[in-house]
Protein chains: 2
Amino acid sequence: MSWRKDQGRAERGYHHGNLKEALLQAALDLISKKGPAGFTFADAARMAGVSPAAPYRHFRDRDELIASIAQRGFEQFESLLTQAWDDGRPDTVTAFERVGKAYLAFAREEPAFYSAMFESGLPPDANPTLMAASERAFAIIRAAAERLAALAPPGMPRPPAMMMALHIWSMSHGVASLFGRGDAARRKLPMSPEELLEAEVLIYLRGLGFRTDQRPGTAAADDKPAGEKAGPWGKPK
Amino acid sequence: MSWRKDQGRAERGYHHGNLKEALLQAALDLISKKGPAGFTFADAARMAGVSPAAPYRHFRDRDELIASIAQRGFEQFESLLTQAWDDGRPDTVTAFERVGKAYLAFAREEPAFYSAMFESGLPPDANPTLMAASERAFAIIRAAAERLAALAPPGMPRPPAMMMALHIWSMSHGVASLFGRGDAARRKLPMSPEELLEAEVLIYLRGLGFRTDQRPGTAAADDKPAGEKAGPWGKPK
DNA sequence: AGCTCATGTGAACGGCTTTTACATGAGCCG
DNA sequence: CGGCTCATGTAAAAGCCGTTCACATGAGCT
């Protein structure tokens with residue numbers, strides 16, 4: 001019974017009653033503290049107050065637990081992005097930037113989920129339901145890109161929405177993964193990750209011909225070429 | 001002596017003679033096969049034909065071995081990027097794109113190095129010499145960005161080179177990390193990672209006011225606003 | 001009340017990391 | 001050449017982890 005920690009939880013009998021949930025919660029705690037590599041199955045069991053063998057009644061092995069967390073992470077992620085996108089209100093560009101911020105916020109505030117989702121080294125094709133969850137989350141970015149692409153200024157070739165979505169995703173993931181988490185991979189930056197990503201996306205959108213200095217939402221007013229105003233990186237000296 | 005594998009190597013006596021190197025090489029093999037998580041110290045020792053305790057004469061622990069690999073990776077990375085940049089020849093934009101391709105090529109061809117460098121979950125501040133190596137590699141991108149920023153079209157605010165460098169780095173890392181390696185994280189893409197990154201960088205540069213459809217290198221010829229020609233993503237339908 | 005099956009336990013196996021005391025022999029010094 | 005010394009490697013052991021298996025428990029159904 002050395003594993004029985006009685007850490008403040010209600011007394012329980014032979015059966016835990018909610019072990020699967022308790023294990024997922026414990027794993028989240030542990031991963032956010034020590035990274036997905038430092039997390040151990042036995043620790044999670046200890047934290048839930050059960051024997052080291054008990055988790056095997058709920059997860060085939062350690063990887064399946066991590067995959068479960070990743071999946072749950074993608075679901076929360078999708079919901080967060082959906083909310084941030086808010087169907088493009090009040091205008092497409094504003095909503096789009098809100099999605100970028102939400103991406104970073106998720107990476108920062110849920111590092112355990114984020115690393116389980118993107119840095120756990122699981123084969124993504126191993127778990128079809130996991131991949132489906134991941135694709136549903138990406139679909140939000142994809143949908144936003146679609147709407148944005150439709151707004152591309154006339155007289156220019158329309159950028160493929162899928163490509164735009166992949167670009168935005170890679171920017172967001174790149175910033176989040178290199179600079180995003182408070183603890184890991186801290187490099188000295190001249191600006192916050194949020195500012196960095198926002199500037200990056202704005203410059204990118206300008207490169208596609210968008211005029212990012214105003215927010216018409218749906219109206220494309222004048223035709224002045226991009227690049228004659230202050231940039232998105234604050235005041236030029 | 002079960003650990004003695006005699007795998008084709010020259011016979012040796014009590015002393016290995018080159019164990020440190022052999023361990024690094026073995027670790028590279030193992031990491032590229034099974035990821036940085038799957039790699040074990042004992043396996044590396046076995047592969048080098050020594051007892052499981054021998055590696056401790058050369059590395060304080062498993063993490064120090066991985067850090068050594070990461071450091072060596074950053075050195076090779078720096079050398080590769082330097083070579084790709086080639087001091088901006090034949091022209092800045094061309095050289096810049098070559099750097100992007102070199103980044104992806106490194107991630108693809110040296111996945112073991114790449115994951116040790118960016119995905120091993122080591123605290124980057126733990127090892128000052130490692131961080132220094134990482135900064136020397138980044139300095140190449142930084143220097144390239146500096147040259148590019150100096151070329152920014154007149155009449156526009158100059159983008160800060162440091163910001164450009166961080167943007168380029170995050171794009172490259174994002175693409176490499178999400179889509180770059182053949183095995184891991186494969187998602188179906190409408191284009192190759194190289195094309196994806198090249199388009200992304202070109203659009204970004206256009207957003208900064210660069211005219212990316214020609215390669216003046218140092219001369220900024222005419223003034224036509226960007227965005228009146230075919231985009232960098234191939235033919236618009 | 002009795003049965004059954006999901007859920008949890010204990011013990012055990014093999015493997016990994018790391019430490020400690022000991023063995024070996026390469027290189028240096030005289 | 002002979003002997004010393006110390007870097008390098010070995011053996012053994014402790015402690016942890018993942019995983020499996022036979023067995024225990026008791027919740028829920030009939």
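Each chain gets a letter, A, B and so on, in the order the sequences are listed, and its residues count up from 1. As the structure is a computational prediction, the values presented were derived from the model and not from experiment.
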**Prompt:** Any idea how B:F59 and B:F41 line up, ring-wise: parallel (<30°), tilted (30 to 60°), or perpendicular (>60°)?
**Reply:** perpendicular

**Message:** Parallel, tilted or perpendicular, judged at 30° and 60°: which one describes the rings of B:H173 and A:H173?
**Reply:** parallel

Among [options], which is the nearest nucleotide to the side chain of [X]?
{"X": "B:R57", "options": "C:dG8, C:dA21, C:dT18", "value": "C:dA21"}
{"X": "B:R62", "options": "D:dT10, C:dT18, C:dG8", "value": "C:dT18"}
{"X": "A:S51", "options": "C:dT9, D:dA12, D:dG9", "value": "C:dT9"}
{"X": "A:A42", "options": "C:dC16, D:dC17, C:dA11", "value": "D:dC17"}
{"X": "B:H16", "options": "C:dT19, D:dC17, D:dG9", "value": "D:dG9"}

**Request:** Classify the nucleic acid contact of A:Y56 as base, sugar-phosphate or nothing, counting any heavy atom under 4.0 Å across all strands shown.
**Result:** base

Quickly work out the [X] [atom1] to [N] [atom2] distance and round it to whole Å.
{"X": "B:L30", "N": "C:dT17", "atom1": "CG", "atom2": "P", "value": "11 Å"}
{"X": "B:N18", "N": "D:dG9", "atom1": "CG", "atom2": "C1'", "value": "15 Å"}
{"X": "A:L23", "N": "D:dG18", "atom1": "CG", "atom2": "C1'", "value": "14 Å"}
{"X": "A:R46", "N": "C:dT9", "atom1": "CZ", "atom2": "P", "value": "14 Å"}
{"X": "B:E64", "N": "C:dT18", "atom1": "CD", "atom2": "P", "value": "11 Å"}
{"X": "B:F39", "N": "C:dT17", "atom1": "CZ", "atom2": "C1'", "value": "12 Å"}

**First encountered from the 5' end of DNA chain D, between A:D43 and A:R60** = A:D43

**Message:** Please confirm whether the shortest side-chain N or O distance from A:H58 to OP1 or OP2 of C:dG8 is below 4.0 Å.
**Reply:** yes

**Request:** Scan B:L197, B:V99, B:V201 and name whichever one has a side chain to side chain contact (heavy atoms under 4.5 Å, CB included) with B:S172.
**Result:** B:L197

**Item:** N-O pairing of A:E146 and A:R142 below 4.0 Å
**Value:** yes

